Each structure stands twice: as C-alpha cells, then as structure tokens.
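Notes follow the structure.
Predicted model, so just to flag it, every value in this text is computed and none were measured.
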Amino acid sequence: FPITAFETRDDGTYGGLLPAGDYFFAADGEGLGAASYPGGAITSIATRVGGYQVEAAKVTLGSAPSDLPTIRFPAPAFLEVEATDITDVVAGAGTPVPAKVTIVGSDPTPTDSIFRDSVGNDLDASVVAVGFTGADGKVRIPIEPGTYDVYISRGPEYSLEKQAVTIAAGDTKTVAAEVERVVDTSGWLSIDSHIHMYNSPDARADKDLRILSAAAEGLEGMVNTDHDFISDLSGDVSRLGLQSWVAAVAGDEMTTWDYG
C-alpha cells in the first residue's frame, strides 16, 4: 500500500472509485497536525519508510456508494515572511526581494511515503518546511504550532538571516527579514542550464515552484530542459512579476533511448 490517493475539493469533501473491500483511510495535509476521524473505527498503521505510527480509519466498502470517513485536523498556525534587500540602503526600508525560507525544528507530525513519494527527495529530518517569497518579498506558510528557527536566504551571493519563532495554534507570526549582497558578482551571471519540471517524466515540480525557487536562490537565468518537451516559461515569469530577477530560456533534453 497505499492503493490510491484522493485530494480534497475546495469545500473539503473527497471521494472516488474503489473496488469493494476493506480499506484504511489516512489523511495528511501540509503544515497540519495529525488527523482524527470522528465516529470511525480507528487503527494504527506503520509507514513504510520512517516506521511512524499513523492513525487510520478502517472502512468496509460494498458495491453501492458508501460514506467515507470524516476527517478533522487541528487548527494550524501560519508563518508570514517579508524579505527585503538592504544592499546599498543608507536609510529607510529595503527593497522587497525573492528569497528562500527554511523552517528548522522538530516536526510534531513527521510523515513519509504513505502520503507522498519521498524516496530520493527527503528533506533533512530537522527541516520542517520550505517556502519562497515572490516579487513582493512575501510568503505565507502553514505550519504546526511549535518553536522553530527560520532561515531566510537568497543564494550564495547574499547574507543569511536566522530568527527564532514560537507560534500557537490558530496564530499568525510575521518575520521581517533583511538580506544583503556579500559577494560582488558584477559582470557575471548565475544560470542553471538543466532544469526539469512536471512536463518531464522524472520531475514533479510545477512551473511556478521552479520559477519561484530559481528567483529565490539568486539565479538570473534558467533553462528548462524537460525530456522531449519544449517549455517556454517566459510568460509565467512575467505573470509572477519576476522578470526583473530571472530570465527563462526554452530548451529540451532529447531522450535517445526513446529513438533507439
């Protein structure tokens, strides 16, 4: 297992087709605590990779439409980060800037491949979440209540800021972070010439994530090279308002084994 997965709709409902039989339903959400299943028959199962104990609702489905388990999550907390570039700032506020946000601490509800394919893509165990600010320098990240160290970075050319936060359920904590250029790269460009995303069979990242992460890491050029698929992200870069930070170049990685 798992046999299949459902994503909830905008109204929180979910459903799909399954053969008649006995099943365990377990739910997970980014930044959410452990799920509970009111009124359900609860059991505990161990995840494949980490061996974590996860509560699940046991359900027997027949040939007729059946009610699925009700799922409840505890109230999340939210971390809002506002990143500014203070390079060359003498007085006053800096300029909003794309940046990477890494939240480090002890994950109250660790999960693994029972909910998503994590093999070969695991974060360090102490990294609870990662996010990227956009052109306005802002990002809002759902997270479980707790105490964390928040790192704000912008690639190797900029300083690294660290702030400690404690956040309660239902609360929103705002972190104002300042980074500045510490390596002079005048006359040089930072480019990644081999990037894959969901149009390639070996990557699952969507285009917005690729663009936001490229800008946040300080790349000035990104060449998309999906296998046998030409993707031009220029329009999407402009849609996200990031054309002042990163340029997109269309590319393609020809997969020779498909052609003998």
(Q) Using side chain to side chain contact (heavy atoms under 4.5 Å, CB included), reason through Leu233 and Met197 one step at a time and then give a plain yes or no. (A) CA-CA 11 Å; Leu233 300 181; Met197 61 179 191; 3.6 Å; yes

Exercise for review: For the pair Thr166 and Lys173, evaluate side chain to side chain contact (heavy atoms under 4.5 Å, CB included) and give the outcome as yes or no after the intermediate values.
Suggested key: CA-CA 8 Å; Thr166 297; Lys173 180 77 73 172; 5.8 Å; no

Inset, instruction - Kindly determine whether Tyr148 and Val128 satisfy side chain to side chain contact (heavy atoms under 4.5 Å, CB included), including the steps that lead there. - result: CA-CA 9 Å; Tyr148 304 97; Val128 176; 3.8 Å; yes

- Message: Using the rule given for side chain to side chain contact (heavy atoms under 4.5 Å, CB included), can you reason through Ile152 versus Val81, listing the C-alpha separation, both sets of side-chain angles and the distance that settles it, and then say yes or no?
- Response: CA-CA 9 Å; Ile152 300 90; Val81 175; 4.1 Å; yes

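In this structure, Ser190 and Gly218 approach most closely via the heavy-atom pair CB-O, 3.8 Å. When every heavy atom of Gly221 is checked against every heavy atom of Val246, the shortest pair comes out as N-CG2, 4.0 Å. Taking all atoms of both residues into account, the shortest heavy-atom contact from Pro74 to Gly33 is CG-CA, 3.8 Å. Across all their heavy atoms, Phe73 and Ala35 have their closest contact at CE2-CB, 3.5 Å. The minimum heavy-atom distance between Gly134 and Leu242, with the atom names listed, is C-CD2, 4.2 Å. Of all heavy-atom pairs spanning Asp22 and Thr60, the tightest one is OD1-OG1, 2.6 Å.
Of the possible donor and acceptor atoms, one in the side chain of Tyr37 sits under 3.5 Å from a partner among the backbone N and O of Ala27. A donor-acceptor contact shorter than 3.5 Å links the side chain of His196 to the backbone of Thr225. Panel note: side chain Ser66, backbone Ala64; a donor-acceptor pair is recorded below 3.5 Å. Between the side chain of Thr87 and the main chain of Arg181, a donor-acceptor pair closer than 3.5 Å is present. Looking at Thr8, its side chain never comes within 3.5 Å of a backbone N or O of Thr13 through a donor-acceptor pair. Ser213 places a side-chain N or O within 3.5 Å of a backbone atom of Leu209 that can act as its donor or acceptor partner.
Residues Val182 and Tyr158 form no side-chain contact, since every pair of their non-hydrogen atoms from C-beta on lies 4.5 Å or further apart. Contact of the Asp226 side chain with the Asn224 side chain is registered, since non-hydrogen atoms from C-beta on lie closer than 4.5 Å. Looking at Val54 and Ser44, their side chains never come closer than 4.5 Å, going by heavy atoms from C-beta outward. When side chains are defined from C-beta on, Thr84 does not count as touching Val179, because their heavy atoms never get closer than 4.5 Å. In this structure, the side chains of Thr133 and Asp136 stay at 4.5 Å or more apart for every pair of heavy atoms. Contact of the Pro69 side chain with the Tyr14 side chain is registered, since non-hydrogen atoms from C-beta on lie closer than 4.5 Å. Side-chain contact between Glu82 and Val175 is absent, with no heavy-atom pair separated by less than 4.5 Å. For the pair Leu18/Phe6, a side-chain contact is recorded, criterion being any heavy-atom separation below 4.5 Å from C-beta on.
Look at Arg239 and Asp208 and you find a salt bridge, because one of the NZ, NE, NH1 or NH2 atoms lies within 4.0 Å of a carboxylate O, short of that distance.
A distance of 7.0 Å separates CG in Asp228 from CE in Met254, rounded to the nearest 0.5 Å. Atom CD1 of Ile167 is separated from atom CD of Glu144 by 11.5 Å, given to the nearest 0.5 angstrom. Distance check, rounded to the nearest 0.5 Å: CZ of Phe78 to CD1 of Ile141 gives 11.5 Å. For the atom pair Arg140 CZ and Thr174 OG1, the distance stands at 8.5 Å (nearest 0.5 Å). Rounding to the nearest 0.5 Å places CG of Asp149 at 11.5 Å from OG1 of Thr102. Going from atom CD of Glu178 over to atom CD of Glu180 covers 8.5 Å, rounded to the nearest 0.5 Å.
Ile71 and Val59 fall within the same hydrophobic cluster, defined by Ile, Leu, Val, Met, Phe, Trp and Tyr side-chain heavy atoms under 4.5 Å apart, directly or through other members. Tyr198 and Phe132 are members of different hydrophobic clusters when ILVMFWY side chains are connected at heavy-atom separations under 4.5 Å. Connection of Leu219 to Val223 is not established within any shared hydrophobic cluster, with ILVMFWY side chains joined at heavy-atom distances below 4.5 Å, either directly or through further cluster members. Side-chain heavy atoms closer than 4.5 Å link hydrophobic residues (I, L, V, M, F, W, Y) into clusters, and following such links, possibly through other members, connects Ile103 to Val130. Cluster annotation: Leu68 and Ile3 are assigned to the same hydrophobic cluster (Ile/Leu/Val/Met/Phe/Trp/Tyr, side-chain heavy-atom contacts under 4.5 Å, transitive).
Heavy atoms of other residues, nucleotides or ligands lying less than 6.0 angstrom from CG of Asp10 number 12 at most. In Asp202, the CG atom is crowded: over 12 heavy atoms of neighbouring residues, nucleotides or ligands sit closer than 6.0 Å.
The salt bridge (Lys or Arg N to Asp or Glu O under 4.0 Å) test with Glu217 singles out one residue from Arg154, Arg210, Lys100, and that residue is Lys100.
Classified by interplanar angle (parallel below 30°, tilted 30° to 60°, perpendicular above 60°), the ring pair Phe25/Tyr23 is perpendicular.
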